[in-house]
Structures are given as structure tokens and as C-alpha cells.
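Contents: one structure, followed by commentary.
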Amino acid sequence: MANTPSIPKGTRDFSPVEMLRRKYIFGTIEKVFQKYGFLPLETPAMENLSTLTGKYGEEGDRLIFKVLNSGDAWKGVSEEVKEQLAKGEEVHPGKLAGELSDKALRYDLTVPFARYVVQHRNELAFPFKRYQIQPVWRADRPQKGRYREFYQCDADVIGSKSLLNEVELVELTAEVFAALDLQVVIKVNNRKVLSGIAEISGQPEKVVDMVTAIDKLDKIGRAKVEEEMRSKGITDEAITRIAPLFELKGTWAEQRPLLENWLADSAIAQEGLKNLSMVFKTAGDRFVPRDDVHGRATLEFDPTLARGLDYYTGAIFEVKANEGSLQSSICGGGRYDDLTGIFGLKDMSGVGISFGADRIYDVLLELGKFPEELGSSTRVLFANFGENEALHCLKLLRQVREAAIAAELYPDAVKMAKQFKYADDKGIPFVAIIGENEMKQGIVTVKDMKTGEQKAVKEGELLTQLGQG
RNA sequence: GUGGAUGUAGCUCAGUUGGUUAGAGCGCCGGAUUGUGGUUCCGGAGGUCGCCGGUUCAAGCCCGGUCUUCCACCCCA
């Protein structure tokens with residue numbers, strides 16, 4: 001080929017085999033979502049740029065894919081900016097992008113959901129529980145497990161402050177990964193506790209810097225975390241004051257009294273701790289190891305868990321696989337108290353969880369956890385011996401399909417070796433052979449592709465023959 | 001966005017200090033086997049060496065640029 005076509009950086013094609021596996025993941029997640037009372041929702045791939053900007057932090061805004069205005073996009077650029085450019089002056093990239101583009105690809109599913117809720121507030125029954133399984137786009141630099149187009153599977157409850165929602169989401173998460181047969185750790189923390197720690201440090205305005213540094217503790221170690229905090233303008237005194245955080249070890253039950261004592265002067269921290277207590281008390285007993293579905297996941301308190309998205313205000317969750325080599329998170333979420341506030345609807349607290357289907361795929365593939373029977377859909381292939389035989393097969397084909405057995409007839413009367421190879425390649429377990437002889441006698445020769453055994457059965461017995469093995 | 005690697009047949013990769021016609025395994029196609037795949041044997045097709053430019057008598061190999069993939073940051077699903 002002169003010029004092999006290609007696809008944009010960080011995007012992928014999905015072959016039939018991959019799609020079957022992906023659909024298995026989506027289907028499993030969707031079934032659990034529905035079981036917990038969530039209803040489906042879809043929103044457009046594009047949102048107004050203004051809907052998305054300012055919701056994900058500075059870093060997030062940079063990663064939003066903007067869509068160039070159609071027509072002559074240049075026309076929309078203001079005289080002021082044009083003059084600046086003509087003079088060779090630097091124009092703030094965000095400003096220029098904003099004038100060339102007023103649409104953008106969605107960065108996640110939560111913000112479009114908040115927009116939807118505000119826009120349709122009068123039509124919705126609250127608390128509103130929706131799930132959404134759609135692709136999102138990020139202009140990130142791709143790596144393993146990181147793509148520019150990937151799917152999120154979200155479940156959110158909006159319009160309820162009850163902590164029972166957090167409990168339900170934790171249980172839902174455990175159930176999804178149990179259904180996928182994957183051992184995971186569900187880590188929980190609360191932004192209020194983190195805010196309280198910042199308060200106690202004496203520099204409450206530095207929460208975000210503090211928290212993003214603390215988040216790296218298990219990765220880069222205490223010394224480097226402190227170094228990063230210093231570089232962000234956090235004083236040595238503040239760092240000393242938050243030192244107890246680095247000493248924390250053990251289970252929630254062990255850490256709780258220490259935290260309550262240490263953060264006694266912070267009302268917000270106390271509230272966060274109370275929330276965590278409720279979640280652990282209510283959901284926690286589901287996670288003692290045992291043989292039923294909840295035995296596959298463990299629930300852990302992680303005081304260093306922060307999560308980057310700006311809009312979280314209460315509980316935060318993150319899930320990591322406990323097996324396989326992928327160390328990044330495969331699922332995350334939390335409570336956001338005022339996401340709809342930005343769109344003009346106050347007092348609408350929500351909490352949600354997002355499953356990263358693409359990363360779950362990579363983990364399941366590495367561990368060989370996809371069910372085997374996903375490989376093939378067709379159960380029987382009718383070999384084609386020529387026009388007469390093929391027409392005869394059509395009748396049987398309909399009967400087989402009526403019995404809800406997936407079947408196909410090879411469309412061309414090519415040599416047998418080729419037809420058998422086709423069945424083999426597609427993983428079709430049976431081949432029905434009806435040549436001149438079989439036709440005359442009203443029988444079908446059925447070959448089991450796995451064992452290689454062949455059996456002649458009456459046409460009427462074909463269904464029962466296919467039902468076995 | 002910063003730093004670093006990588007790219008040779010459909011796939012995984014060899015290819016010496018720059019030197020004739022660029023190789024292997026797997027896969028694909030054909031045959032041994034005109035009603036039998038997966039095993040075996042024999043044969044065959046398939047490459048403007050990512051792309052553009054430069055150095056040179058001569059470039060897959062050296063230099064510059066660009067794109068892709070990957071790795072570390074940053075951040076995240």
C-alpha cells in the first residue's frame with residue numbers, strides 16, 4: 001500500500017475479539033448498575049467549551065480537546081487578539097483557543113451529568129440516579145493504560161446528602177469486581193479530613209498543594225513529599241504540624257482515635273471523620289473475607305488518598321487491582337457538594353463512582369480472566385457443497401436459528417479445507433456437513449471441531465446434537 | 001507541557017566499521033489430501049527499511065526535522 005492509513009495518537013481500533021471482551025466488561029458493570037437502581041443516560045460527545053472549563057483544575061483544563069469552530073473560525077477572533085498576534089506579541093493560549101472554539105469533547109461524564117441535571121431539573125425525580133457508559137477524551141500524552149479516547153462507566157446519585165449513598169456505591173463497586181473475578185482494594189478517604197489537616201497546619205489555603213503532595217507518599221516517600229510542600233510555599237512549621245499524618249498505620253479502627261485526637265480542634269475534620277465512621281461501620285462488615293461475592297474486595301482507609309479533581313468535597317474513593325502489574329487506579333469517585341452550583345442550581349449534593357473500562361480490560365487480559373466462551377458466537381457452520389445443497393441447508397439453518405442457536409452457512413461452494421479452516425479460525429464448535437449423500441438420506445453429518453469426531457444424525461435430531469457438548 | 005528511548009514483511013524481531021539482489025520465525029496463499037480444520041512435509045507471495053530533507057561515490061545504518069509507539073515526570077480512568 002502506498003500510504004497506510006492510520007488513526008490519531010492515543011486512539012485505538014477494537015477488533016471483534018476485543019469488542020466481545022469489552023462488551024463483557026460493559027455488560028457486567030451495567031447489570032450491577034441496574035441492580036442498584038441506576039437508570040441509563042447519554043449526553044453528546046461535545047459540550048459547550050464554557051461548560052467544561054474551570055471544573056478540572058488548571059491541569060485538567062489544559063487537557064480538554066477543543067473543537068475548532070466550523071466555517072471560518074478566524075472570523076470569531078477579536079480585533080484585540082488579532083492585533084496582538086500581528087505585532088508578534090504572546091497571546092494567552094487559553095484565550096486564543098476560547099475565541100477559535102466554543103465546543104469541546106467531554107473530559108469526563110460527571111460534569112456533563114451536572115449540566116444535564118441543572119438543565120432538566122424540573123423533569124427529574126430526585127434523588128436522581130443515573131449511569132452512563134460513554135467515551136471521554138483527554139489531550140494527555142499516551143502511555144500504557146493511558147489513552148486519549150477511553151470509556152468511563154459512571155454511576156451517580158444527585159440530590160441526596162445521605163451517607164447511605166456512599167455505602168451503596170462501595171458495595172456496588174465490590175459487586176462489580178466480584179462479578180469480574182478481580183481482587184481489588186477499595187480505598188476511602190474524605191476531603192473534609194484533608195481540609196481539617198490543612199486547617200491544623202495553619203495554612204488552610206494550601207489544601208490543594210498539600211493534598212497533591214501527600215497523595216504521592218507511598219510512591220516517593222516522606223522526604224520528597226515534604227520537599228514538594230516546601231517548594232509550594234508551605235512553611236516548615238506547617239509541615240511539622242501535619243507530621244502525625246505520616247505516622248498513621250493500620251486499619252480504620254486503629255487510626256480513627258489518633259485522628260480524632262489530633263484533629264480535635266478542626267470542626268470540619270471531625271465531620272469528615274464522622275462520615276468515614278458511618279461508611280466503615282455500615283459497609284465495613286461486608287468486607288470481612290468470606291466466600292460470597294463481597295469476599296473479593298477489601299475496604300481500606302487511606303489518609304493519603306487525595307484525587308486530583310477539584311470538585312470533590314466529601315468522600316473520595318479509589319480502586320486498585322490487587323493482582324496484575326497495573327498499579328494505576330481502575331476506578332475512582334467521590335462526593336461533590338456544589339457541582340451544579342456552577343450552573344446555577346444550589347444545594348444539590350451528589351456522589352458518584354467511575355469505572356475505567358480500558359484499564360480494567362488491560363488487567364483482565366493480563367490475568368487471563370476473560371471467560372473462554374466469549375471467543376465465538378456462532379455454534380454451527382453449515383458447509384456449502386453447491387447450490388442445491390446450500391438451498392437445502394437454508395431450511396435447516398432457519399430451524400436452528402429459531403431454536404436460538406447461532407448458525408451460519410458458508411456462502412461460497414469452495415473446497416472443504418477452506419470452510420473447515422474458517423470454522424476453526426472463528427472458533428465455531430460444530431460443522432454440519434450435508435452433501436449429496438446426506439441430502440438423499442435426510443441426514444446431517446455433524447463434526448465436533450474440538451474432538452474431531454463425526455456423527456451422522458437424522459435431520460430432526462440436529463438440534464439435540466448441537467445442544468450437547 | 002518537560003526529559004528520554006523506539007520505528008525494518010500482516011505480527012515478533014535479526015541486519016557487523018556506511019559497500020552488490022535486506023533476512024528469520026510466526027501468519028498468509030498454493031500443493032501433498034478434488035468431502036475435513038487444528039499436527040507434518042514441500043513450494044510461493046509479500047518490504048519506496050515510519051515520513052521529509054541533508055552528508056556521501058554509496059545510507060536500513062551517520063546528521064537534522066517530523067510523526068508514531070513506549071518509558072519517566074506532570075496528572076489521571
Side-chain angles (χ1 to χ4, degrees), chain A residues 1-12 15 25 29 56-64 93-94 107-110 133-154 208 211-213 215-216 219-220 224 228 305-310 312 317-321 326-334 352-363 381 383-386 389 410 413-439 445-454 456:
Chain A
M1 234 183 287
N3 263 324
T4 317
S6 63
I7 54 175
K9 188 202 284 209
T11 64
R12 298 151 298 157
S15 67
I25 294 174
I29 292 173
Y56 306 109
E58 207 176 312
E59 190 67 21
D61 280 0
R62 200 166 55 73
L63 300 179
I64 295 171
Y107 178 90
D108 71 355
L109 300 177
T110 310
I133 299 176
Q134 286 190 277
V136 303
W137 294 268
R138 293 183 190 178
D140 214 347
R141 193 177 283 207
Q143 274 182 40
K144 196 164 215 82
R146 176 187 292 192
Y147 310 99
R148 295 186 129 186
E149 177 185 62
F150 61 96
Y151 271 72
Q152 288 191 333
C153 311
D154 278 31
V208 174
V211 146
T212 44
D215 194 44
K216 294 172 198 159
K219 220 172 164 186
I220 61 175
K224 291 212 166 157
E228 181 173 329
L305 171 65
R307 295 191 55 76
L309 295 178
D310 274 7
Y312 290 120
F317 314 109
E318 182 166 288
V319 179
K320 284 185 178 174
L326 188 74
Q327 284 309 301
S328 36
S329 69
I330 52 178
C331 178
I353 188 106
S354 177
F355 293 82
D358 303 82
R359 285 186 176 173
I360 294 172
Y361 181 100
D362 290 347
V363 174
L381 174 75
N384 189 328
F385 281 84
E389 290 89 342
Y410 198 90
V414 296
K415 55 197 261 185
M416 279 304 104
K418 189 155 185 165
Q419 302 194 34
F420 274 94
K421 189 165 161 31
Y422 174 81
D424 194 47
D425 286 344
K426 275 188 84 170
I428 298 171
F430 295 102
V431 175
I433 302 150
I434 307 169
E436 209 180 332
N437 293 339
E438 283 91 348
M439 229 172 109
T445 301
V446 178
K447 173 160 177 164
D448 182 326
M449 293 297 283
K450 214 172 204 166
T451 63
E453 279 168 33
Q454 237 165 264

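Residue numbering restarts at 1 for every chain, and letters A, B, ... go by the order of the sequence lines. None of the values given here were measured: they were computed from a predicted structure.
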Nearest-Å distance, [atom1] ([X]) to [atom2] ([N])?
| X | N | atom1 | atom2 | answer |
| --- | --- | --- | --- | --- |
| F150(A) | C76(B) | CZ | C1' | 7 Å |
| M439(A) | G35(B) | CE | P | 16 Å |
| Y422(A) | U36(B) | OH | C1' | 17 Å |
| D140(A) | C70(B) | CG | P | 13 Å |
| I353(A) | A77(B) | CD1 | P | 11 Å |
| Y410(A) | G35(B) | OH | C1' | 15 Å |
| R148(A) | U68(B) | CZ | C1' | 12 Å |
| N437(A) | G35(B) | CG | C1' | 9 Å |

Pairs under 3.5 Å (N/O, protein and nucleotides 40-43 of chain B):
none

Of the candidate nucleotides C75(B), A77(B), G35(B), which contains the atom at the shortest distance from the side chain of E59(A)?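 Among the listed nucleotides, the one closest to the side chain of E59(A) is C75(B).
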Between [N] and [M], how far is it from one [atom1] atom to the other, in whole Å?
| N | M | atom1 | answer |
| --- | --- | --- | --- |
| G53(B) | C61(B) | P | 14 Å |
| A9(B) | C49(B) | P | 10 Å |
| A59(B) | A22(B) | C1' | 13 Å |
| C42(B) | U48(B) | P | 29 Å |
| U17(B) | C75(B) | P | 44 Å |
| U66(B) | A14(B) | C1' | 27 Å |
| A72(B) | U6(B) | C1' | 15 Å |

Check: [N] base within 3.5 Å donor-acceptor of [X] side chain:
| X | N | result |
| --- | --- | --- |
| R359(A) | C76(B) | yes |
| R146(A) | C75(B) | yes |
| D424(A) | G38(B) | no |
| E438(A) | G35(B) | yes |

For a quick check of understanding: with a heavy-atom distance under 4.0 Å over all strands, which category does [X] fall into, base, sugar-phosphate or nothing?
| X | result |
| --- | --- |
| G452(A) | base |
| Y147(A) | base |
| G386(A) | nothing |
| M449(A) | base |
| K320(A) | nothing |
| S329(A) | sugar-phosphate |
| A423(A) | nothing |
| C153(A) | nothing |
| Q454(A) | base |

From [X] [atom1] over to [Y] [atom2], what is the distance, rounded to the nearest 0.5 angstrom?
| X | Y | atom1 | atom2 | value |
| --- | --- | --- | --- | --- |
| Y56(A) | R62(A) | OH | CZ | 15.5 Å |
| K320(A) | C331(A) | NZ | SG | 12.5 Å |
| L305(A) | F317(A) | CG | CZ | 10.0 Å |
| M449(A) | D424(A) | CE | CG | 5.0 Å |
| I330(A) | S354(A) | CD1 | OG | 11.5 Å |

Protein and nucleotides 3-7 of chain B: nitrogen or oxygen contacts under 3.5 angstrom:
residue, atom, partner, partner atom, Å
G3(B), O6, R141(A), NH1, 3.0

If the condition is side-chain contact (heavy atoms from CB on, under 4.5 Å), which residues does [X] pass it with, not counting sequence neighbours?
| X | result |
| --- | --- |
| A383(A) | F385(A), M416(A), Q419(A), V431(A) |
| I25(A) | I29(A), A357(A), I360(A), Y361(A), L364(A), F370(A) |
| K421(A) | D425(A) |
| A139(A) | F65(A), R148(A) |

How about K450(A): does its NZ atom have over 12 heavy atoms from other parts shown lying under 6.0 Å from it?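 No, not enclosed.
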For the CD atom on Q454(A), are there more than 12 heavy atoms of other groups (residues, nucleotides or ligands in this structure) within a distance under 6.0 Å? yes
Quick one: does any side-chain atom of D358(A) pair with a main-chain N or O of Y151(A) as donor and acceptor, under 3.5 Å? yes
Apply salt bridge (Lys or Arg N to Asp or Glu O under 4.0 Å) to D140(A) and list each qualifying residue two or more places apart in sequence or on a separate chain.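 Residues passing salt bridge (Lys or Arg N to Asp or Glu O under 4.0 Å) with D140(A): R146(A).
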By salt bridge (Lys or Arg N to Asp or Glu O under 4.0 Å) - contacts of K224(A) (at least two apart): none
Given Watson-Crick and G-U pairs under 3.5 Å, RNA chain B in dot-bracket ([ ] crossing, | other strand) is (((((.(..((((.....[...)))).(((((.......))))).....(((((..]....)))))).)))))....
With the side chain counted from C-beta on, respond yes when D448(A) and F430(A) share a heavy-atom pair under 4.5 Å apart, and no when they do not.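 Sidechains of F430(A) and D448(A): in contact.
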Give a yes/no answer on whether the side chain of Q143(A) brings an N or O atom under 4.0 Å of OP1 or OP2 in A72(B).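 For A72(B), OP1/OP2 do have a side-chain N/O of Q143(A) under 4.0 Å.
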Listed partners of R141(A) passing side-chain hydrogen bond (donor to acceptor under 3.5 Å, both in side chains), at least two apart: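 side-chain hydrogen bond (donor to acceptor under 3.5 Å, both in side chains) list for R141(A), sorted by chain: empty.
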Under the side-chain hydrogen bond (donor to acceptor under 3.5 Å, both in side chains) rule, collect the residues that match up with Y410(A), sequence neighbours excluded.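 Scan of Y410(A) (side-chain hydrogen bond (donor to acceptor under 3.5 Å, both in side chains), adjacent residues dropped) gives none.
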Footprint string (nucleotides 27-34 of chain B, 5' to 3'): B base within contact, S backbone only, - free, heavy atoms under 4.0 Å: -SS-S---
